[in-house]
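The structure appears below as structure tokens.
Numbers restart at 1 for each chain; the letters A, B, ... are given by sequence-line order, proteins then strands.
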Number of protein chains: 2
Amino acid sequence: MSGGSRPSKSQRTRATLQEIALRLFDEQGYEATSVAQIAQEAGVSHMTFFRHFPSKEEVVLEDEYNPLLEELIRGQPATVSGVERVHAAVLTGLERLGESDRYALLRRVGLLLSIPALRSRIDENLASARTAFERGLAADGEDGTPSLAVRAVAAACSAVLSAAVVDWAQGEGEQDLAGLVDEAFRALRGAV
Amino acid sequence: MSGGSRPSKSQRTRATLQEIALRLFDEQGYEATSVAQIAQEAGVSHMTFFRHFPSKEEVVLEDEYNPLLEELIRGQPATVSGVERVHAAVLTGLERLGESDRYALLRRVGLLLSIPALRSRIDENLASARTAFERGLAADGEDGTPSLAVRAVAAACSAVLSAAVVDWAQGEGEQDLAGLVDEAFRALRGAV
DNA sequence: CCCAAAATGTTAGTAGATAACATTATTTCG
DNA sequence: CGAAATAATGTTATCTACTAACATTTTGGG
């Protein structure tokens with residue numbers, strides 16, 4: 001065998017399944033694609049699919065950026081307001097996004113928007129962002145459920161961010177995402 | 001051709017199904033309750049259930065207050081900020097809520113919170129509120145998709161309202177809902 | 001009472017998802 | 001290397017949400 005450590009078989013299977021699933025969703029639609037078909041084209045049984053993804057929807061729904069955002073928010077100076085902290089953290093996070101990451105995000109959100117059964121779940125995705133924001137905004141000593149004030153601000157920020165991202169994806173990524181984020185946060189600031 | 005409207009029986013069946021479903025969800029859990037069981041206890045076939053509710057989830061997910069809110073927002077003076085208009089409209093709407101309506105809302109949101117499969121859908125429920133807010137906030141001449149600014153503000157407001165309602169339901173309705181709404185909007189104002 | 005529309009039932013089927021158990025790869029270690 | 005241990009996958013059976021097509025009953029106005 002060749003030298004380096006290749007990804008485990010499990011990881012390869014998972015990647016293959018996801019790749020094929022997204023391609024099929026794109027080609028023939030989400031509803032029209034059955035898990036059985038995805039598994040078949042990947043050369044595995046349908047059970048293998050469910051061992052890698054808890055549900056068909058999870059192939060599309062996933063967001064790995066929230067932990068990063070939580071850290072970035074916590075890194076902001078406490079002297080500025082909560083919304084400002086989130087705003088700045090999001091911009092910093094965007095700068096760290098590579099071109100390919102950005103393209104993958106665009107493709108995933110675009111797919112989400114085009115699938116009626118999943119469109120409503122965008123807010124679910126948003127919910128995990130909100131949780132991350134809550135953790136990032138909570139005072140250091142705080143434990144347990146965050147206060148209503150923190151939750152309200154986190155909810156507002158994640159909703160505003162979501163609006164910007166959706167706008168970006170609907171415009172096929174032609175507009176600058178950071179610019180749209182700025183615009184959305186500016187709108188919130190102006191409307192309070 | 002005589003075509004009268006005679007809707008009575010259908011409405012009774014629907015009400016019975018909903019009543020029994022909510023009771024069973026409460027008694028034995030959402031997952032543990034099958035549509036077949038609901039139908040059986042209601043003395044109808046499972047097809048009748050699906051003729052009245054597009055899905056099992058829809059029995060719990062429903063919100064009839066959004067059109068009212070849209071109207072109330074539009075009725076606010078354009079001289080105040082967007083967030084202020086929504087805030088005031090929500091308070092007015094709450095005043096119009098009767099005691100029984102309030103209790104029904106509390107029970108429904110409480111059930112939503114206790115059902116893992118539906119908990120994430122709270123935001124979906126609020127998505128329709130967001131749409132109503134967008135319509136209420138949009139300038140009169142505007143048509144088609146609202147601007148990013150309007151969408152961002154509407155998203156933030158619906159998210160803030162959601163946080164307050166969830167807080168209220170989690171506290172078993174012991175706190176004053178209007179007070180919590182005030183607190184949440186105040187937090188947003190203070191964090192911008 | 002009559003009859004057309006509305007409401008409901010029957011039956012059969014698709015698809016997502018889980019469980020239990022068998023089988024095959026992969027890795028680890030003597 | 002080669003066998004034991006472990007991880008990954010396959011088979012099969014089953015449950016449940018949900019839909020389609022067609023048959024049957026109920027409802028309420030003329």
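At whole-Å resolution of the value, CD in B:E57 and P in D:dT16 are 17 Å apart. Rounded to whole angstrom, the span from the CD atom of B:Q11 across to the C1' atom of C:dA6 amounts to 13 Å. Across the protein-nucleic acid pair, B:K56 atom NZ and C:dA17 atom P stand 14 Å apart, rounded to whole Å. One interatomic measurement links the two molecules: CD of B:Q28 to C1' of D:dT16, which rounds to 14 Å at whole-angstrom precision. Remark: C1' of D:dA8 and CZ of A:F49 are 17 Å apart, rounded to the nearest angstrom. At whole-Å resolution of the value, CD in A:E31 and P in D:dA17 are 18 Å apart. Residue A:F53 contributes atom CZ, which lies 14 Å from atom P of D:dA8 at whole-angstrom precision. Here D:dT14 presents its P atom at 19 Å from CZ of A:F50, a figure rounded to the nearest Å.
The aromatic rings of B:F53 and B:F49 sit tilted relative to each other, their planes meeting at an angle between 30° and 60°.
The two residues B:H87 and B:F185 have their closest heavy-atom pair at ND1-CB, 3.5 Å. The shortest non-hydrogen separation linking B:A159 to A:A159 is CB-CB, 3.9 Å.
Between the side chain of B:R151 and the main chain of B:R130, no donor-acceptor pair closer than 3.5 Å is present.
Note on B:V83 and B:V80: separate hydrophobic clusters, where clusters join Ile, Leu, Val, Met, Phe, Trp and Tyr whose side-chain heavy atoms are under 4.5 Å apart, directly or indirectly.
Surrounding CD of A:Q37 are more than 12 heavy atoms belonging to other residues, nucleotides or ligands, all under 6.0 Å away.
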Reading 5' to 3' through nucleotides 8-14 of chain C, protein heavy-atom contacts under 4.0 Å coded B for base, S for sugar-phosphate only, - for none: BBBB---

